[in-house]
Amino acid sequence: MAATASQTNLAGLPRRLVQDGIISEEQLHKASAAARKQKVPLVAYIVNEDLADSRAIAVAASHEFGVPLLDLDAIDIDIDVIRAVDQKLINKHRVLPLVKRGHRIFLGISDPTNLQAIDDIKFQTSLRIDPVVVEQDKLEDRITKAIEAIDTSMSSLEDDDFDLENLDIAGDDDDAEEVQRDEIEDAPVVRFVNKILLDAIKRGASDVHFEPYEKYFRVRTRLDGVLSEVAQPPVILAPKVCARLKVMSRMDIAERRVPQDGRIKMRLSKNRAIDFRVNTCPTLYGEKVVLRILDPATAKIGIEALGYEDEQKSLYLKHLAKPYGMILVTGPTGSGKTVSLYTGLGILNTEYRNISTAEDPAEINLPGVNQVNVNPKVGLTFATALKAFLRQDPDVIMVGEIRDLETADIAIKAAQTGHLVLSTLHTNDAPRTLSRLVDMGVKPYAIATSVSLIIAQRLARRLCDNCKEVTDVPREALEKEGFEPADLERGLTIFRPKGCKQCNDGYKGRIGIFQVMEVSETMGRIIMEGGNAIQLADQAVIEGVIDLRRAGLNKVKEGITSLEEVNRVTID
């Protein structure tokens with residue numbers, strides 16, 4: 001009876017918690033005093049100190065006051081709604097705006113008797129506030145993530161090394177339409193875009209994606225070959241961000257119906273400038289903008305760091321030293337073909353050689369090399385550039401990509417007439433490259449007498465040396481993955497990613513996986529006899545050429561990458 005009488009001194013949610021046995025009265029009085037002293041909400045204190053279960057408190061509050069109960073895991077954070085409420089009020093009362101419907105905001109709150117929070121937000125927003133009970137621990141987690149998202153998107157954009165509003169960026173169009181000048185020169189948008197680009201450069205990202213959707217706008221970067229979200233600015237800013245990027249890259253800001261291509265040069269210092277290749281594409285809810293980061297430093301890492309096996313590296317250097325012939329590098333977009341080609345050009349780039357390149361566009365500036373950007377709009381195609389090169393006493397020619405029969409024919413004739421030709425082609429492996437050229441219409445005898453080396457490649461994430469850990473994989477599973485019995489007999493140490501402060505999910509940087517195939521006389525004969533890619537692949541095996549899968553497994557054996565990563569980038 002004493003407990004019951006004592007409980008009459010309690011009211012609201014605390015009384016319900018004691019009645020339901022969720023927390024003892026003694027604990028509650030102590031918690032209440034401590035919460036007042038620390039100036040934090042009572043429920044927050046109880047959950048933070050593990051005095052009661054967060055879910056049980058939420059259920060009790062919902063039943064006691066007839067307020068709806070919501071699981072925060074079932075909804076996404078809406079940054080636009082959160083921005084409607086002063087961040088100081090969110091921090092003070094530890095509440096979170098969830099949804100806005102007309103003149104109403106549904107407010108996530110762990111204690112619906114916190115009328116002060118409801119009144120403060122109602123006064124600040126001039127909107128009706130409808131409380132929704134949520135679990136305290138999930139609420140705290142969502143508040144933290146929401147504030148981080150807001151800070152990343154538009155607030156706290158200070159940078160110690162750069163003036164975000166006055167970066168040296170080439171490409172601004174002074175003749176842009178005055179009608180949109182307010183959008184383009186919106187200082188917060190300028191600083192936001194510059195901040196995103198600087199952060200991407202600092203993190204070593206290869207691409208930046210600005211993606212508008214119906215109810216949100218997100219920014220993602222590709223780091224070590226994997227996309228991840230870095231910001232979610234208000235969706236209302238999507239057109240302004242797109243307009244800013246289009247002006248920076250000299251595009252037509254009034255044209256939103258067709259894709260456009262452009263380029264941005266950002267000068268970070270007297271000795272370092274970064275280029276961005278920019279493309280826009282109209283989508284259902286605006287224009288998606290993707291920037292490819294072209295950092296000249298990535299082309300100067302040296303052949304030793306690319307990831308070639310010793311025999312593969314020797315073959316590449318051997319054919320680079322030849323005065324004529326064709327070297328083809330193949331693989332999907334983003335597989336490192338450009339870096340492989342420029343590494344070769346860097347080795348060849350001496351005062352004794354005349355080197356010319358035709359690219360769309362030239363991704364990396366290499367002093368001493370004559371680089372041409374093709375421009376089909378004015379008639380400067382790969383084929384046109386190649387014809388011009390052949391009249392300029394070339395030693396080495398690099399073609400950014402062989403896309404059509406005319407380009408292929410000219411490149412092959414150049415390789416047959418005393419020039420070293422380097423180029424890329426989009427195929428899955430080395431043997432298929434030869435078949436691809438036949439499919440394009442190139443004469444088999446021309447392929448057999450000109451193509452000397454084919455390099456197929458992929459990029460795999462490199463395990464972080466600081467945190468990688470040994471994993472136990474059954475012998476049967478290793479055999480199924482393709483490891484040789486001899487490897488298993490010697491014993492294999494397989495590593496997996498763990499993750500630490502120095503890496504990204506257990507990986508740091510990337511390493512190349514290569515199939516380097518020299519076109520032998522036997523392969524040339526197979527091509528001229530109308531052989532297919534399967535026959536060429538079989539001959540490659542006979543000649544000891546390791547395929548991409550085997551090259552990847554070798555990197556796993558060496559502890560450089562993980563089995564999961566090799567499975568991601570290669571086909572068994």
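Just so we're clear, the structure is a prediction, and the values are computed from it rather than from any experiment.
For D71 and K138, the salt-bridge test passes: some basic side-chain N is under 4.0 Å from an acidic carboxylate O.
Contact detail for S110 and Q136: the closest heavy-atom pair is OG-OE1, 2.6 Å. Scanning both residues, A460 and T561, for their nearest heavy atoms gives CB-OG1, 4.2 Å. The heavy-atom pair separating V235 from E214 by the smallest distance is CG2-O, 4.2 Å. For the pair V134 and L70, the tightest heavy-atom approach, listed with the atom from each and the gap, is CG1-O, 3.6 Å. Scanning all heavy atoms of the two residues, the minimum distance from A456 to L548 falls at O-CD2, 3.5 Å. Residues I402 and L425 approach most closely at O-CD1, 3.2 Å, considering heavy atoms.
Crowding of K508 atom NZ: a count of heavy atoms from other residues, nucleotides or ligands under 6.0 Å not exceeding 12. In the displayed structure, N504 atom CG is contacted under 6.0 Å by more than 12 heavy atoms of other residues, nucleotides or ligands. Taking a 6.0 Å sphere around NZ of K498, one finds it holds 12 or fewer heavy atoms contributed by other residues, nucleotides or ligands.
For R203, there are no side chain to side chain donor-acceptor pair (under 3.5 Å) partners, not counting sequence neighbours. Listed by chain and number, the residues in a salt bridge (charged side-chain N to carboxylate O under 4.0 Å, His left out) with E229 amount to none (sequence neighbours excluded). Residues passing the side chain to side chain donor-acceptor pair (under 3.5 Å) test with T280: none are found, sequence neighbours excluded. In terms of the salt bridge (charged side-chain N to carboxylate O under 4.0 Å, His left out) criterion, residue partners of D465 (sequence neighbours excluded) are, by chain and number, K468. Listed by chain and number, the residues in a salt bridge (charged side-chain N to carboxylate O under 4.0 Å, His left out) with R496 are E469 (sequence neighbours excluded). E287 is linked by a salt bridge (charged side-chain N to carboxylate O under 4.0 Å, His left out) to K246, counting only residues two or more places apart in sequence or in another chain. For the side chain to side chain donor-acceptor pair (under 3.5 Å) test, residues two or more places apart in sequence or in another chain that qualify with T384 are T381. Judged as a ring-ring contact (aromatic ring centres under 6.0 Å, His included), and not counting sequence neighbours, F382 has no contacts. Remark: Q116 pairs with D120 by the side chain to side chain donor-acceptor pair (under 3.5 Å) rule, at least two apart or across chains.
When side chains are defined from C-beta on, F276 does not count as touching L245, because their heavy atoms never get closer than 4.5 Å. With a 4.5 Å cut-off on side-chain heavy atoms, K265 and I274 do not count as touching. Residues V278 and R263 are not in side-chain contact: their nearest non-hydrogen atoms beyond the backbone lie 4.5 Å or more apart. Counting heavy atoms from C-beta on, the side chains of T330 and Q457 never come closer than 4.5 Å. Side-chain contact between P282 and P259: present, with at least one pair of heavy atoms (C-beta onward) separated by less than 4.5 Å. The side-chain heavy atoms of Y342 and M398, taken from C-beta on, include a pair separated by under 4.5 Å.
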inquiry  = One pair to check against salt bridge (Lys or Arg N to Asp or Glu O under 4.0 Å): R432 and D429. What are the steps and the verdict?
reply    = CA-CA 6 Å; R432 286 187 175 90; D429 58 19; 2.7 Å; yes
inquiry  = Set out, in order, the CA-CA distance, both residues' side-chain angles and the distance that settles salt bridge (Lys or Arg N to Asp or Glu O under 4.0 Å) for R292 and D207, then state yes or no.
reply    = CA-CA 5 Å; R292 166 64 59 89; D207 302 85; 2.7 Å; yes
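A donor-acceptor pair shorter than 3.5 Å cannot be found between the side chains of R436 and N428. A donor and an acceptor atom, one from each side chain of S54 and E135, are nowhere located under 3.5 Å apart. Inspection of the S562 and Y507 side chains reveals an N or O donor paired with an N or O acceptor under 3.5 Å. Under 3.5 Å, the side chains of R403 and T407 contain no donor-acceptor pair of N or O atoms.
For residues 56-70, the set of pairs meeting the side chain to side chain donor-acceptor pair (under 3.5 Å) definition, not counting sequence neighbours, comprises R16-E64. Each ring pair (Phe, Tyr, Trp, His ring centres under 6.0 Å) pair with one or both residues in residues 214-258, not counting sequence neighbours, appears once here: Y213-Y216. Residue pairs meeting the side chain to side chain donor-acceptor pair (under 3.5 Å) criterion with at least one member in residues 96-109, sequence neighbours excluded, are R104-D130.
Under a 3.5 Å cut-off, the side chain of K337 and the backbone N or O of G331 do form a donor-acceptor pair.
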